[in-house]
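Not measured: the values here are computed from a predicted model.
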Amino acid sequence: MDNKRILVTSALPYANGAIHFGHLAGAYLPADMYARYQRLKGRDVLFVCGSDEHGVSILISARKEGVSPQDIIDRYHVLNMRAFDRIGMSFDNYSRTSLPVHHETAREWFVEFRDKGLLRQSIEKQLYDPEARMFLPDRFVIGTCPHCGYDRAYGDQCENCSKYYEQTELLKPKSLLSDAVPEIRDARHWHFPLGEYQERLEHYIEGHADEWKENVLQQVRSWLKSGLSDRPISRDMDWGIPVPGEEEAGKVIYVWFEAVLGYISSSKEWAERIGQPEKWKEYWCDEETRYVPFIGKDNIVFHCLMFPAMLMEKGGYVLPANVPANEFLNLEGKKFSKSTGWSIELNEFLDTYPADPLRYTLAMNMPETRDSDFFWKDFQARNNNELADILGNFVNRTVHFVHKHFDGVVPAADGLLPEDEAFLARFGEIAAQVSDCYERFRFRDAVTATMNLARAANKYFNDREPWKTIKSDRRHCANTMHCSLQALHALTVLIEPVLPFTAEKLRTLLNIDHASAGHWDAIVLHRLPAGHPVGERTILFEKIDDATMEKETAKLGVLSEGPEIVHPELKEQITIDDFMKIDLRIGNIIKAEAVPKSKKLLKLIVDIGFETRQLVAGIATTCVPEDLIGRQVVIVANLKPATLFGIESQGMILAASTEEEGPVLLAPVQAIREGAIVK
RNA sequence: GGCGGGUUAGCUCAGUCGGUAGAGCAGUGGAAUCAUAAUCCACGUGUCGGCGGUUCGAGUCCGUCACCCGCUACCA
């Protein structure tokens with residue numbers, strides 16, 4: 001790994017929401033640990049990131065809230081930048097893709113590719129909203145299904161008959177953005193011929209096969225196996241980087257082409273800022289640079305195939321040497337979901353808890369080979385049983401002892417015994433193990449090995465029994481404390497990648513600066529001289545009690561202030577006569593059983609007074625068959641029968657549901673005879 | 001049902017090339033009393049989800065079944 005320079009990037013967070021623990025564990029924390037580690041090793045590291053601020057989702061959010069896209073990206077850029085700062089991300093530069101430097105970079109690449117005849121054009125018919133003045137993504141147009149006549153079908157697929165079609169086939173289309181009737185217009189698009197790079201990419205990937213992570217390789221190979229094809233790189237929209245020469249046409253460069261270039265733009269911005277505008281090239285255009293992009297698994301295809309293809313085509317740029325993508329982190333067994341409140345806001349978390357215990361917990365539970373979970377109880381246990389009890393306590397007992405018996409200064413070493421020497425020698429062994437883990441992107445193991453020094457130190461302290469030798473053999477005791485203090489110095493360096501704030505506290509406590517503790521080699525140098533004063537003990541990690549954790553767990557899934565609940569649009573008005581066509585009756589469920597091979601369907605036998613009906617209802621996700629027996633419900637009694645999973649359904653049972661909840665059965669609030677009419 | 005991922009100790013998870021199953025935490029017992037009731041030592045008979053196959057040998061490779069998760073489909 002002896003490259004001249006190392007370029008580290010983290011996936012650009014999309015400026016349409018706040019980053020959460022999952023993002024952190026996947027792409028940011030490992031990158032930061034890696035960058036910090038490599039800097040300690042004395043390597044020339046550039047670590048950049050920035051906000052990804054274009055794309056249709058930001059535009060949609062802005063329209064929904066009635067603000068400008070700029071308002072949206074400003075909000076989340078500032079929010080995320082603050083969160084990154086508080087969690088200790090050591091970016092050399094944090095940029096944003098809305099800056100001129102990035103627009104210029106993206107345009108330059110686009111123009112160069114277009115001018116050399118690489119990019120292809122295609123023309124497709126697409127729906128255009130004249131009021132919103134944009135082409136409509138499939139999800140933002142609704143109309144009547146050309147197959148079954150269902151009147152709330154989306155642009156790509158009918159929810160009713162589940163058939164696929166082109167959005168232009170939709171009858172009576174309506175824009176969900178403006179309610180306007182869209183026009184069919186020719187949409188001309190630029191494409192990047194990714195398929196042409198198939199062989200070169202295969203060669204590139206297999207050339208790294210022995211070094212890259214298995215989960216990354218498998219995913220990339222599966223893409224390569226199914227064959228690469230052209231990718232569109234322009235879209236019709238008025239939010240983004242205008243396609244050069246077509247500024248008036250409302251055409252922008254598609255996000256996947258330009259966003260990855262944000263890494264380069266961020267590097268340029270950094271170079272400009274430090275007054276050496278050409279310096280970014282040393283990291284991007286020098287063969288001796290090792291480029292490592294950190295991402296989550298959703299980004300693998302971009303960073304392993306598309307971006308490398310672009311870099312190859314551009315020429316003179318380094319390709320990723322390794323793409324150590326992580327899987328996803330879940331929260332207490334479920335996916336993070338902002339809309340249901342199943343999430344923890346990073347900034348809110350950091351208002352209550354310090355950053356390092358979170359960094360430690362996420363690092364120890366990083367989704368390196370498969371999805372993993374964040375549990376509040378695990379966070380508590382890691383903080384209390386490991387950071388406080390093992391690391392914190394060792395620091396505390398050592399510093400306190402030195403103040404009590406040696407006036408708070410480092411005692412001189414005098415005639416160290418083999419046990420003392422053996423302990424000091426452990427520093428180097430552990431440092432080598434930790435190094436090896438970081439170089440191989442094994443962050444969990446790196447942190448475990450790091451803590452092993454604290455464990456070894458506690459054992460040493462116990463075995464040497466300084467509280468006894470202080471009375472019997474002061475020289476022996478002095479040696480013990482000398483070595484223990486050197487362990488504190490070593491720990492200060494060793495923990496820096498994962499616990500940077502604690503490392504800073506330790507430097508203060510030990511009266512040392514970054515010159516003394518800012519290099520990996522310092523771990524083995526035993527740099528605290530005899531007579532060096534150390535500070536009074538401080539609590540490094542406060543314990544967290546059970547009640548606090550129960551409170552935090554209870555907060556999950558409870559929506560805080562003003563959640564953005566989207567209510568489906570009201571349907572067309574009907575007359576009382578329309579409604580009276582529907583014959584609703586009270587029925588009593590007399591039999592209920594699951595439909596075999598179906599996840600959501602139950603077969604019900606319902607007594608509606610004058611006859612019994614067999615119904616197939618999609619309520620299995622919320623209803624247990626046994627509990628339904630004897631319950632009164634409302635059914636649509638005059639519905640034309642249909643067959644589902646080979647079972648005839650003679651009616652429909654009424655239930656309420658939202659996107660997140662339900663279905664919940666409707667029932668009369670007090671009992672009434674079966675067959676009663678509902679109106 | 002289709003596609004993808006998964007199933008290893010009480011919990012969270014490692015396990016590289018097929019070669020006697022590991023770590024951290026929790027738990028039990030003991031030691032110690034400098035220290036945030038912290039620390040240290042000792043303690044694991046795990047049907048490696050089931051069954052079959054390849055192999056001298058399978059947690060690992062192949063087949064198959066079960067269950068779990070995600071996406072998707074059926075909820076007319």
#### Entry: Aromatic ring of A/Trp467 stacked on base six-ring of B/C34, 5.5 Å, 30°
yes

### Task
Cation-pi check, A/Arg537 to A/Phe401: give yes when NZ or CZ is under 6.0 Å from the six-membered ring centre and within 45° of the ring axis, no otherwise.
no

### Query
Checking all strands, does A/Ile470 fall into the base, sugar-phosphate, or nothing category for heavy-atom contacts under 4.0 angstrom?
nothing

### Message
Please report the distance separating the P of B/G59 from the corresponding atom of B/U54, rounded so that it comes out in whole Å.
### Response
16 Å

### Query
Quick one: is B/U12 close enough that its OP1 or OP2 comes under 4.0 Å of any side-chain N or O from A/Arg444?
no

### Query
Considering only B/U39, B/A76, B/A32, which nucleotide approaches the side chain of A/Asn462 most closely?
B/U39

### Test: A/Arg585 and A/Asp583 ion pair at under 4.0 Å
yes

### Message
I'd like the P distance from B/G63 over to B/C71, given in whole Å.
### Response
27 Å

### Query
How is A/Glu386 classified with respect to the nucleic acid when contacts are heavy atoms under 4.0 Å: base, sugar-phosphate, or nothing?
sugar-phosphate

### Query
Is it true that A/Lys377 and A/Asp546 make a salt bridge, defined as a side-chain N closer than 4.0 Å to a carboxylate O?
no

### Query
In whole Å, what separates the C1' atom of B/C40 from that of B/G4?
47 Å

### Query
Below 4.0 angstrom, N of the basic side chain to O of the carboxylate: do A/Arg507 and A/Glu496 qualify?
yes

### Query
Distance between the P atoms of B/G50 and B/U55, in whole angstroms?
22 Å

### Task
State whether A/Arg455 places a side-chain N or O below 4.0 Å from either non-bridging phosphate oxygen (OP1 or OP2) of B/C25.
yes

### Message
Taking the basic N atoms (NZ, or NE/NH1/NH2) and the acidic carboxylate oxygens, is any pair closer than 4.0 Å for A/Arg464 and A/Asp420?
### Response
yes

### Query
Is A/Lys377 near enough to B/A26 that one of its side-chain N or O atoms lies under 4.0 angstrom from OP1 or OP2?
no

### Query
Does A/Lys459 place a side-chain N or O at less than 4.0 Å from the phosphate oxygens OP1/OP2 of B/C41?
yes

### Query
Taking only side-chain nitrogens and oxygens of A/Lys404, does any of them come within less than 4.0 Å of OP1 or OP2 of B/A35?
yes

### Query
The side chain of A/Asn396 lies closest to which of these nucleotides: B/U36, B/A32, B/G24?
B/U36

### Task
Kindly point out which of B/A76, B/C40, B/U39 is positioned nearest to the side chain of A/Met652?
B/A76

### Query
Within a reach of under 6.0 Å around CZ of A/Arg631, are more than 12 heavy atoms found that belong to other residues, nucleotides or ligands?
no

### Query
Just the dot-bracket of RNA chain B, please: which string comes out with Watson-Crick or G-U pairs under 3.5 Å, [ ] for crossing, | for another strand?
(((((((..((((.....[..)))).(((((.......))))).....(((((..]....))))))))))))....

### Sugar-phosphate, base or nothing in reach of A/Phe394, heavy atoms under 4.0 Å
nothing

